[in-house]
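Counting convention: from 1, in listed order, for ligands and their atoms alike. Heavy atoms only: backbone and side chains are in, while hydrogens, waters and symmetry mates are out.
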Amino acid sequence: MTPSPNPSPSMPPDGASAWVEIDLDAISHNVATLRDRVGPAEVMAVVKADGYGHGLIPSARAALAGGATWLAVAQLAEAIEVREAGIDAPLLAWIYPPGADLATAIGHDIDLGIGSIAHLRLVTDAARATGRTARVQLKVDTGLGRGGTLEDFPEVVEALGAAIAEGAVTLTGTFSHFAWADAPEHPTVRAQQERFAHALAHLERRGIHPGLRHLANSAATLTNPSAHFDLVRPGLACYGLSPVPDLAGPADFGLRPAMSVRARLTLVKAARAGQGVSYGHEYTTDRDTILGVVPIGYADGVPRAASSRGPLTVGGARHTVAGRVCMDQVVVDLGPTYAGGAGDVVTLLGRADRGEPTAQDWAGAAETISYEIVTRMGPRLPRVLIGGTS
Ligand SMILES: *Cc1c(COP(=O)(O)O)cnc(C)c1O
């Protein structure tokens with residue numbers, strides 16, 4: 001796929017004061033870029049958490065258009081939503097509680113992650129009840145200390161072998177997840193790869209084919225070819241953000257951020273020097289100036305921790321949020337010569353090559369990670385989809 005330039009800022013949906021633009025072609029481009037990078041390994045695009053805030057179904061379709069051959073979500077309900085939208089690509093989900101509707105999952109050919117004997121029992125019970133063979137993927141905890149089999153690994157493998165022999169399940173894949181992939185030199189990276197290799201060898205010795213082997217999240221996809229195996233499993237990179245911001249930015253990997261966040265000034269007004277601004281007067285004007293009120297706040301996902309630090313651009317000029325981020329609004333000191341007015345577009349997330357702030361800039365301002373910035377953009381912000389085929 002040839003990269004096309006990002007479209008220029010769209011007009012907001014009717015009456016919207018703040019909105020999120022999603023460049024679906026950027027998602028397709030990013031997935032195609034990752035696929036080229038890892039081939040012959042394939043790409044399983046992670047679209048959990050509403051496609052990292054970009055929209056579950058549009059992101060899933062855009063990822064498939066870019067050449068992803070698999071999709072992954074965290075929660076079973078997300079996987080069912082993908083199927084109900086008519087998407088029939090191979091699909092993995094690994095989070096489901098006791099009592100989850102596994103019969104529906106099995107009926108939809110959703111691959112279920114198996115991380116314990118209890119998980120395997122839930123799935124085999126549902127498979128027996130429905131008379132269908134469930135597709136499962138063995139999730140091995142190689143050191144993250146979160147989901148997946150740990151000390152119980154041999155026991156789970158024995159039970160899995162029995163369930164396969166019975167025809168209750170078929171093993172389509174074996175996977176694990178890194179703790180420190182964003183620090184490629186960290187000793188745990190190699191240790192986890194070794195444990196993964198041991199787990200695969202153990203399966204083979206028991207006569208069980210591990211299916212597709214996958215270990216690499218975005219960071220390992222971009223920095224660690226020895227972890228690519230049969231499939232890579234990136235989330236963040238599909239949306240054009242860097243999982244290793246201290247090492248390289250999106251453009252260094254050929255990735256384009258897919259999310260922009262904009263608002264329109266609702267009020268532009270003169271203020272004297274010495275005017276305290278927003279709750280607690282954390283900011284005070286140091287000269288006669290013009291203030292702009294931006295109708296987006298922490299209820300929309302603008303982190304309050306970025307008060308007095310978060311970046312935004314107005315008419316191409318870069319500013320910092322003046323004082324505290326409120327629930328529905330932030331204030332910007334536009335300077336004494338500002339010639340615009342209410343209705344002018346403010347960009348909170350946009351294109352770095354145009355001098356607009358990025359998710360990483362906001363992450364730095366709020367002392368968090370870009371993942372949290374994009375996944376938290378709230379439902380009150382209408383999504384404007386740009387590009388894509390559907
Ligand atoms: C979220 C997640 C991913 C994707 O991680 P990124 O860092 O966004 O690439 C992959 N695998 C598992 C198990 C995950 O939970």
Side-chain angles (χ1 to χ4, degrees), residues 27 30-31 33-35 37-38 41-54 56 59-60 63 66 68 70-76 78-79 90-96 110-116 119 136-150 173-184 186 188-189 192-193 195-196 199 212-224 227-248 250 253 255 257-259 359-360 363 368-376:
I27 296 176
N30 295 329
V31 170
T33 301
L34 296 170
R35 192 196 52 189
R37 188 178 185 103
V38 304
E42 298 186 7
V43 175
M44 171 186 272
V46 181
V47 294
K48 64 189 180 186
D50 199 29
Y52 286 49
H54 297 67
L56 171 59
S59 298
W70 278 80
L71 297 172
V73 292
Q75 299 183 359
L76 187 52
E78 300 174 301
L91 171 62
L92 171 65
W94 53 76
I95 296 181
Y96 48 95
I110 294 165
D111 287 42
L112 296 163
I114 297 290
S116 67
H119 283 96
V136 300
Q137 301 210 13
L138 179 59
K139 184 168 191 191
V140 187
D141 185 347
T142 55
L144 174 59
R146 198 177 69 179
T149 63
L150 199 60
T174 300
F175 70 111
S176 187
H177 195 37
F178 282 119
W180 282 93
D182 52 339
H186 197 276
T188 58
V189 172
Q192 285 196 253
Q193 281 179 232
R195 273 190 228 151
F196 191 55
L212 295 168
R213 306 159 301 161
H214 48 111
L215 178 57
N217 58 0
S218 292
T221 297
L222 293 167
T223 67
N224 183 359
H228 288 173
F229 293 95
D230 302 313
L231 278 178
V232 294
R233 207 174 58 239
L236 191 77
C238 300
Y239 307 97
L241 300 176
S242 172
V244 287
D246 296 337
L247 304 178
F253 297 119
L255 303 174
M259 179 185 287
Q360 188 55 42
T368 182
I369 53 178
S370 62
Y371 294 75
E372 191 173 354
I373 300 298
V374 290
T375 55
R376 286 204 168 182

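In the displayed structure, R37 atom CZ is contacted under 6.0 Å by more than 12 heavy atoms of other residues, nucleotides or ligands.
Side-chain contact check for L255 versus L222: some heavy-atom pair is nearer than 4.5 Å. Counting heavy atoms from C-beta outward, V374 and Y239 have side chains that stay 4.5 Å or more apart.
Counting only distance, with no hydrogens or angles, the side chain of Q192 and the backbone of A179 share a donor-acceptor pair below 3.5 Å.
Of the candidates T149, T142, D141, T142 is the only one forming a side-chain hydrogen bond (donor to acceptor under 3.5 Å, both in side chains) with S176.
Contact shell of ligand 1 (protein heavy atoms, cutoff 4.0 Å): V46, K48, Y52, W94, R146, H177, N217, S218, R233, P234, G235, L236, Y371.
For R213, the salt bridge (Lys or Arg N to Asp or Glu O under 4.0 Å) partners two or more places apart in sequence, or in a different chain, are D230.
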